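Sequence lines set the chain letters: A, B, ... in the order given, protein chains first and strands last, and positions in each chain run from 1. None of the values given here were measured: they were computed from a predicted structure.
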Amino acid sequence: MSGQDFVSLLPLTVMASAAVLIMLAVSVRRSHLFVLLITLAGLAGAAAMLPVAAQAGPRNVTSLLVIDGYALFYTGLILAATFGVALFSFVYLRRREGQQEELYLLLLLAALGAAVMASSSHFASLFLGLELVSSSLFVLIAYPRGRVNIEAGVKYLILASVSTTFLLFGMALVYAQTGTMEFARLAALSGSWDGGGALVATGLGLMAVGLGFKLALVPFHMWAPDVYQGAPAPVTAFVATVSKVGVFALALRFFGQVGIRPHAHLFLLFTIVAVASMLAGNLLALLQDNVKRMLAYSSIAHLGYLLVAFLADGPLAVTAVTFYLSAYLATMLGAFGVLAVMPLRGGAEAEAVHDYRGLFWRRPWLAAAFAVILFSLAGIPMTAGFIGKFYLLDAGTGSSLWLLVFSMVAGSGISIYYYLRLVVMMYMRPREAGLRESASFPLAGSLALSAALGVIFWLGVYPAPFIDMIEKTANLK
Amino acid sequence: MMAAVPANYGLLLAAALFILGLAGVLVRRNVIFILLSIEIMVNASGLAFVVGGSRWRQPDGQLMFIFILAMAAVEVSLGLALVLQLYHHLKSLDIDRASSMRG
Amino acid sequence: MGVTFYISAAVAVAATFAVITRYNAVHALLYLIVSLLAVSLVFFTLGAPFVAALEAIIYAGAIMVLFIFVIMILNLGPQAARLERAWLKPGMWLGPSALALILAGELAYIIVSGGGRGSAGEAVVGARQVGIALFGPYLIGVELASMLLLAGLVGAYHLGRRCEGNGGPAGSGRSGGQAP
Amino acid sequence: MILAWLILLPFAGGLLAWLAASRGDAWPRWISLIALLAELAALAVLWAGFARGGSLAAPGRWLSELDLSWIPALGARFHLALDGVGLLMLLLTTFLGIIAVVASWEGIGYRTGFFHFNLLWILAAISGVFLAVDLFLFYFFWELMLMPLYFIIGIWGHENRVYATLKFFIFTQASSLVMLVAILGLYFVHGRASGNYTFDYLKLLGTPMSSFTEMALMLGFFIAFAVKLPVLPLHSWLPDAHTEAPTAGSVHLAGLVLKVGAFGMLRFLIPLFPHAASDFSPLAMTLAVAGILYGALLAFTQTDLKRMVAYTSISHMGFVLLGVFAWNQLALEGAVIVMIAHGVSTGALFVIAGDLQDRIHSRDIDRMGGLWSMMPRMGGAALLFALASLGLPGLGNFVGEFLVLLGAYQASIPLAVLASLGFIVSTVYALWLVQGVFLGVNRRKLRLPDYNLRESAVMAALIVVITALGLYPQPVLNTARGAIKKLSGYAAGYHRPHKADPGAQPGPVAGVRRQGGGS
């Protein structure tokens, strides 16, 4: 490794150092605020290192990592989202007892894992990044250690571990057949899997299943609603955004290099998964009375939408996916941020739909923010979701994937119903005294929420500079 | 004690162990047994990597096994810690009873 | 000497089968250790002595000890085995094992028919080569593994702390109001 | 740049109104009123300028245009352009906006800031729809229009508002998503053929494509426009939404939102897909006539005042659809006049219905009766607009509907005859309305105040416009003429000779064919 390699790795190094620093700080004295500040400084520092790393140019750092514009862009997204999650966690934990500092350490490690996934060019780094995220999440999901949290943690542990073994076994089959674990060399061999094509394809299929589990695509989605409901709201935000963005960035790079189109049955598999996710996700979301479960199913559907562009050909696809993921990230983060700063209901999170009844009259700004977020999820203009959805449909029609395009249209038609139901709930006249108001609106929460709203509006009204940035930095060529 | 066997046979063994582990995960309700079955699957995947490395005479397969080992250690320690907590709350290890959420 | 491979493979499969069918957790665990040792032998025959040693020491040794530890804490004695027997009615095996058999058949077919024609275990890749690779091209992997272990450490510490009071710490209020 | 200000003014006014609400309920009202009066003044100045400069009559050129870069990666530009029809629609929009603000001066008891915010944002989005000539921008405004309207009906609406809003929103959303796919389809068809990927309307005109593609894309647009218009099988959201909306919402819905569908057909559907539209015209015109008769008949059977007016809307908008698909100079001019006249007259009827509801807290015609003696001013206004609605010569609706019938007669005689039956049915329901509400016996011994100064002023403004339109429509026709000529020019292929296909096509097509290149 040369000096330049170390420069390229700076963002990752800073994140890891911040985690270690927290451990040292905690061993001296426990202070919630101080640990939060270290976390935020670490994330901001890592973000500040992104341009430095970019100047070192796209390069392979050993065969495990490739630090190019794409990786750095996604690392930036991950850092920004983790920043928001950390702020929401502060608001959330301050109102609860127990030891809070470990959460930030694990958040940093999980974000590091997601960033490694976005930069990985080798099975080993893929696997280690993924495990870093999953292992941190086992604990984060069960963090307050209440009964529901623990149940969700155990469920996630079992299903995530099983899916990891699928991924591992698939990778092993591919490796045994091709003799390499580097994406680029696999792609180069793509044409010449003599006789063993079936084995490689099986391996790729198993890998797809493993990644599909992590993305909670139908039919590998059964963990999502329970985990979304059981995890504390800021962690749910992390599960819904950072971990999925990391996995999707990886999947886009890997399958983009190896190519899906040549493998007809893989393409078919992905198409079925996408259609099923869009339709089942939206239909099941209709039935939910719990906001977190509803958002879980809705995020399943959104990942299905993403597959539309994922399966589309051409340079448009990567831009479309990246744009949509950024929009989705800001929106979902905002949604769970609202849940995290909502007034408590008897010590528990306000997660039932009827908890939101009349919110508009009691907390107009919070309700307006949530309404904007729901509109963005539904894809109404002036929000990021609108441009994002347009982009995906653009990519889909451009590749004439009509089945996917019309499933997406049908799915988002259905989705409007349940998003709007929540908006309707919010501006109904309150029936009861309502939830206990917290004394003041927490500063950290409103900062993060306003930032998310700012991004939603910015990407919805004048996305040109952002698209420009994506096209300049995050292209895979 | 070298034995040049067809690489396929090694993979077959790995596949057999993997499937046995999968069956265990599907059938068992006790969380401890589920974790054991997952360990079987993890180990089978590691075996497949070693077979691959052996076929190509590379150290890479063994390296992956070492990483898998680290991951297994982490997973088992966290898993067992969660199991203890679950037992504390439920007084049972039945995974089906861990269902206070509507599915 | 291919015989060693076949014998260990047979032992591994048989022991693993025993693991998933036992009712007593300690018995199952012992069978799993046998299975792991058999796999360790397979590694050895495949020319991977270093990981063979790791398998025996870390997997069969250290990790399994964790299981024993927890089984002892939870005191999963004979009555737990009876409960297990009651849960595992023969009918429960039907669906999963049919699925597993189908999958196994498919995998076997693909591996046998489509798999590469190379052979394994023709050369020894020893500890020296593994070490050079580990701290050469895979250095970042080692660092990441250390981060992974850190996550495990901190996480296990957090989860493993004794629960203050009765019914757990912060979350105790939730579990009551939560369940619908 | 003036075009962007026409959109920005209500946008900014809405935001300001919301923010100012904390200072008192009067602030948002005055802010909205001033913003809209300023907008109207700007439009009037523009109109006078164009009229004096003579640019209204010249076809083939926009009156004013603005073209800014927006999202280059998508090929979307912030491209606005104004023609005569658009100018008329903007005038109507702003006028009805002012009416809505003044009419709901006292009716909105809570959250006035947010109410006016929504009110002005609807107007801004609708102005955007009338101005956009980039399909992406058009779609942007098209979708944007729904959200504030949804809030207006949902928050300040009547008893059954949740059901009505959901129905309204899902109908319009689902249909506009179909249009979105059609827009994207057109974008790619054009991009593949020319190598230039753009959403620009002018560049997309005359895109070569197979007749199947053209028909599919045209139907995608048609469904979205037809839901808004509404065309017969897609109309069922309208009575519910109208009935549950507060007065301002009903005025916006009837006066503006319905126009957007018709305007979309005029500006986009037929010029972009002339051949497919021509092939489709017999069916569209049949649907139009069915709508005219169906709406009128159902209006007659309603007992809910607002619901009744809503059904008359369906009937009137049938004339617009008929005029658009007949696509000749007379019919198009008629359609434009009907759009304006219907906006004014139906808007007025909804204001009256709202005023009645404020007074007696009911919309049930059976519970009214004999109100004339107490409220001669309201009764007089209601009579006038009922007469306008039935098509009395001398009032705006008559001019428009008559022109449409003349135009449609050139295209298809049987349909024109059937459509004129609508006149008869509408006479029945209009008189029934006046009879039921204002004449007869005041059985419930209601004692109600007549119109006060503010309400009288609203009615007076509406009456002046509808009468002027009926007696001297020439300025309006002049304004629209250049634009209509230009539109006819774009759709050069509309009246192409059909391939011989005997038997498959019913009578009306023969009419279309015979009419030839008449425009």
Side-chain angles (χ1 to χ4, degrees), chain A residues 1 9 16 19-20 23 61-65 93 96-99 102-103 105-106 109-110 112-113 116 122 124-125 128-129 131-132 135-136 138-140 142-150 153 173 176-179 194-202 232 289-290 345-349 352, chain C residues 46 96 100 103-121 133-180:
Chain A
M1 282 170 62
L9 285 179
V20 175
M23 201 164 67
V61 181
T62 70
S63 58
L64 261 62
L65 295 179
L93 290 179
R96 289 164 173 79
E97 299 156 17
Q99 298 190 345
E102 289 89 345
L103 182 129
L105 205 167
L106 292 168
L109 288 178
L112 175 68
V116 167
H122 191 283
S125 47
L128 286 167
E131 269 314 301
L132 203 46
S135 305
S136 310
F138 298 152
V139 187
L140 286 173
Y143 196 81
R145 301 191 300 164
R147 174 174 163 180
V148 179
N149 313 126
I150 294 288
L173 288 185
Q177 194 57 32
T178 59
D194 51 328
L199 201 57
V200 175
T202 309
D289 289 326
N290 180 304
R345 178 179 201 83
E349 288 173 34
Chain C
L46 291 177
L103 276 179
E106 274 177 0
L107 266 182
Y109 172 76
I110 289 169
I111 290 172
V112 172
S113 70
R117 293 168 255 302
S119 59
L134 194 58
F135 291 99
Y138 283 84
L139 185 60
I140 292 175
V142 176
E143 296 301 328
L144 287 174
S146 74
M147 284 293 140
L148 183 60
L149 290 169
L150 176 63
L153 184 74
V154 174
Y157 164 75
H158 175 76
L159 289 175
R161 270 182 309 123
R162 270 194 41 214
C163 304
E164 306 94 38
N166 48 353
S172 62
R174 297 194 64 212
S175 49
Q178 188 76 26

Using side-chain contact (heavy atoms from CB on, under 4.5 Å) as the criterion, list what pairs up with C:Ala108, not counting sequence neighbours. B:Leu12

Identify all side-chain donor-acceptor contacts of residues 136-160 of chain C below 3.5 Å with residues at least two apart in sequence or on another chain.
residue: C:Tyr138; atom: OH; partner: A:His122; partner atom: NE2; Å: 3.1
residue: C:Tyr138; atom: OH; partner: B:Asp60; partner atom: OD2; Å: 2.8
residue: C:Ser146; atom: OG; partner: C:Glu143; partner atom: O; Å: 2.4
residue: C:His158; atom: ND1; partner: C:Arg161; partner atom: NH2; Å: 3.3
residue: C:His158; atom: NE2; partner: A:Tyr143; partner atom: O; Å: 3.0

With a 4.5 angstrom heavy-atom cut-off, which part of A:Leu103 approaches chain C: side chain, backbone, both or neither? neither

A:Leu93 versus chain C, the contacting section by heavy-atom distance below 4.5 Å: neither

Non-hydrogen atoms of chain C under 4.5 Å away: do they reach the side chain of A:Leu140, the backbone, both or neither? neither

Proximal component of A:Leu132, with respect to chain C [non-hydrogen, under 4.5 Å]: both

Nearest 0.5 angstrom please: A:Leu173 CG to C:Leu107 CG, how far? 6.5 Å

